[in-house]
Amino acid sequence: MIRRLAYASCYVYSPAGKGAICERSRLLRALLKEGDAHFMLKYAVRVHQQAERSPQLAGFFRDTDVLVPVPRSSTKACGTWVAADLARALVHEGLGTMAWPGLHRVCAVRKSSTAARGARPTVSCHFESFLMERPSIDPESVVLIDDVITKGRTLLAAAARVREAFPHAQIRAFALLRTMGFTAGVEHLLDPCRGEIRWQAGDARRTP
């Protein structure tokens, strides 16, 4: 298992907080899950702007990055694959060299958003459900792309699969939204950050 994974995100999502900004964060998540192409490009532009202006995101994306979207929880091909749409939109805006959907689910896992506490898929469960297809190139750096990060279990497991295929590549992760599950309220919807997901006590731990 990868012990540490650097990650970045741009916006916050408050599933239970009160106030106008928390409501806006839930609306943003809902719009993101709909997978509208115009919406995705709009927010890719904003990520690019933050990558240029924000000290938290400056230098996180590199020209040599291969963006690998994290698969959906289901193995079915129908429906919107938000992470893949986001990865393509980010490359369109000049963040990375290519989007490569080579990480697949070979067995479905329960969605964390609908699972009860204690019944959410573990890092090991996610890891066993992934299969990594090798591309024809050996990337120097890989950025895993997801729409929402909660604890970071999915991203940590995905990074471990990518490391198997590319043992010499630098691996990082980016999620457009990060969940603020235990926060009563948030002050800013746009709140770029750079942090870390750690393998600790048999589980993923995200900071911040």
Side-chain angles (χ1 to χ4, degrees), residues 1-11 32 35 37-72 80-105 123 126-127 129-149 152-178 190-199 204 206-208:
M1 184 56 62
I2 288 181
R3 294 291 173 179
R4 298 174 182 271
L5 177 67
Y7 92 96
S9 75
C10 223
Y11 293 86
L32 181 62
H38 176 74
F39 173 86
M40 211 67 71
L41 283 171
K42 172 184 174 182
Y43 278 88
V45 169
R46 294 186 179 178
V47 173
H48 194 180
Q49 290 171 344
Q50 292 303 309
E52 291 181 332
R53 303 172 186 172
S54 165
Q56 290 85 357
L57 293 189
F60 183 83
F61 289 98
R62 302 169 189 171
D63 293 340
T64 57
D65 289 339
V66 172
L67 307 191
V68 176
V70 173
R72 295 163 289 195
T80 301
W81 186 1
V82 177
D85 293 341
L86 179 58
R88 286 191 293 268
L90 291 170
V91 171
H92 182 270
E93 290 305 313
L95 298 174
T97 184
M98 64 179 288
W100 185 71
L103 186 64
H104 307 283
R105 288 274 189 196
V123 176
H126 281 295
F127 179 80
S129 76
F130 288 140
L131 175 68
M132 186 69 184
E133 172 191 341
R134 285 188 63 90
S136 58
I137 62 169
D138 238 5
E140 295 178 12
S141 57
V142 171
V143 179
L144 290 159
I145 302 296
D146 211 351
D147 52 352
V148 181
I149 178 175
R153 289 169 175 161
T154 307
L155 287 167
L156 199 62
R161 278 297 184 206
V162 172
R163 174 58 52 82
E164 283 186 338
F166 309 117
H168 303 298
Q170 185 182 73
I171 305 168
R172 306 183 307 286
F174 175 81
L176 189 66
L177 302 178
R178 67 184 184 277
L190 176 63
D191 187 16
C193 89
R194 191 184 299 205
E196 190 176 65
I197 305 163
R198 298 192 305 274
W199 176 251
R206 186 197 95 200
T207 53

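Worth knowing before you read on, the calculation uses all heavy atoms, side chains too, and leaves out hydrogens, waters and symmetry mates. Along the sequence shown, residues are numbered consecutively beginning with 1. Treat the numbers as computed from the prediction; the structure is a model and nothing was measured.
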Which word best sums up how the rings of Phe39 and Tyr43 line up, parallel for under 30°, tilted for 30 to 60°, or perpendicular for over 60°?
tilted

Output, in order, the C-alpha distance, side-chain angles, deciding distance and verdict of side-chain contact (heavy atoms from CB on, under 4.5 Å) for Ile149 and Leu177.
CA-CA 6 Å; Ile149 178 175; Leu177 302 178; over 6 Å; no

Minimum heavy-atom distance Ala51-Phe61, with the two atoms named
CB-CD1, 4.5 Å

Spacing of Asp146 atom CG and Arg72 atom CZ [to the nearest 0.5 Å]:
12.0 Å

Pair Leu5-Glu196, side-chain contact (heavy atoms from CB on, under 4.5 Å): steps then yes or no
CA-CA 6 Å; Leu5 177 67; Glu196 190 176 65; over 6 Å; no

Side chains of His126 and Arg105: do they bring a donor and an acceptor to under 3.5 Å?
yes

Out of Leu176, Ile145, Asp147, which one pairs with Val82 under the side-chain contact (heavy atoms from CB on, under 4.5 Å) rule?
Asp147

Shortest non-hydrogen separation from Ala89 to Leu41 and the atoms involved
CB-CD2, 3.9 Å

When you measure from the centre of the six-membered ring of Phe127, is the NZ or CZ of Arg161 under 6.0 Å away and within 45° of the axis?
yes

With a 6.0 Å cut-off (strictly less than), is the heavy-atom count around CD of Glu164, excluding the residue itself, greater than 12?
yes

Has the side chain of His104 got a donor or acceptor atom that lies under 3.5 Å from a matching backbone atom of Leu131?
no

Give the intermediate values and the outcome of side-chain contact (heavy atoms from CB on, under 4.5 Å) for residues Trp199 and Val123.
CA-CA 9 Å; Trp199 176 251; Val123 176; 3.7 Å; yes

State whether Asp85 and Arg88 are salt-bridged, where the test is any N-O pair (Lys NZ or Arg NE/NH1/NH2 against Asp/Glu carboxylate O) under 4.0 Å.
yes

Check: Trp100 side chain, Pro69 main-chain N or O, donor-acceptor pair, under 3.5 Å
no

Please name all residues satisfying side chain to side chain donor-acceptor pair (under 3.5 Å) with Thr80, sequence neighbours left out, ordered by chain then number.
none

Between the CD atom in Glu93 and the NZ atom in Lys42, the distance rounded to the nearest 0.5 Å is 13.5 Å

Shortest non-hydrogen contact from Arg172 to Phe60?
NH2-O, 2.8 Å

Is any side-chain heavy atom of Val91 closer than 4.5 Å to a side-chain heavy atom of Leu67?
yes

Is there a side-chain contact between Met40 and Leu32, using heavy atoms and a 4.5 Å cut-off?
yes

For Thr97, check side chain to side chain donor-acceptor pair (under 3.5 Å) against everything at least two apart and list the hits.
none

Got a sec, which residues hit side chain to side chain donor-acceptor pair (under 3.5 Å) with Tyr7, two or more places apart in sequence or on another chain?
Arg206

Could you walk me through whether Ile137 and Met98 pass the side-chain contact (heavy atoms from CB on, under 4.5 Å) test, one step at a time?
CA-CA 11 Å; Ile137 62 169; Met98 64 179 288; 3.8 Å; yes

CG (Leu86) and CZ (Phe174) are apart, to the nearest 0.5 Å, by 6.5 Å

Of all heavy-atom pairs between Leu57 and Ala8, which one has the smallest distance, and what is that distance?
CD2-CB, 3.5 Å

Please indicate whether His92 has more than 12 foreign heavy atoms, meaning atoms of other residues, nucleotides or ligands, lying under 6.0 Å from its NE2.
no

I need the Leu95 CG to Leu90 CG distance, nearest 0.5 Å.
5.5 Å

In this structure, which one of Gln56, Arg194, Arg178 forms a side-chain hydrogen bond (donor to acceptor under 3.5 Å, both in side chains) with Ser9?
Arg178

So how far is it from Arg4 CZ to Leu156 CG, rounded to the nearest 0.5 Å?
11.5 Å

Taking all non-hydrogen atoms of both residues into account, name the closest pair between Ile171 and Ala159 and its distance.
CD1-O, 3.7 Å

Please find the pair of heavy atoms, one from Pro208 and one from Cys193, that lie closest to each other, and give the distance.
CG-SG, 4.0 Å

Pro101 and Val68, any side-chain heavy atoms less than 4.5 Å apart:
no

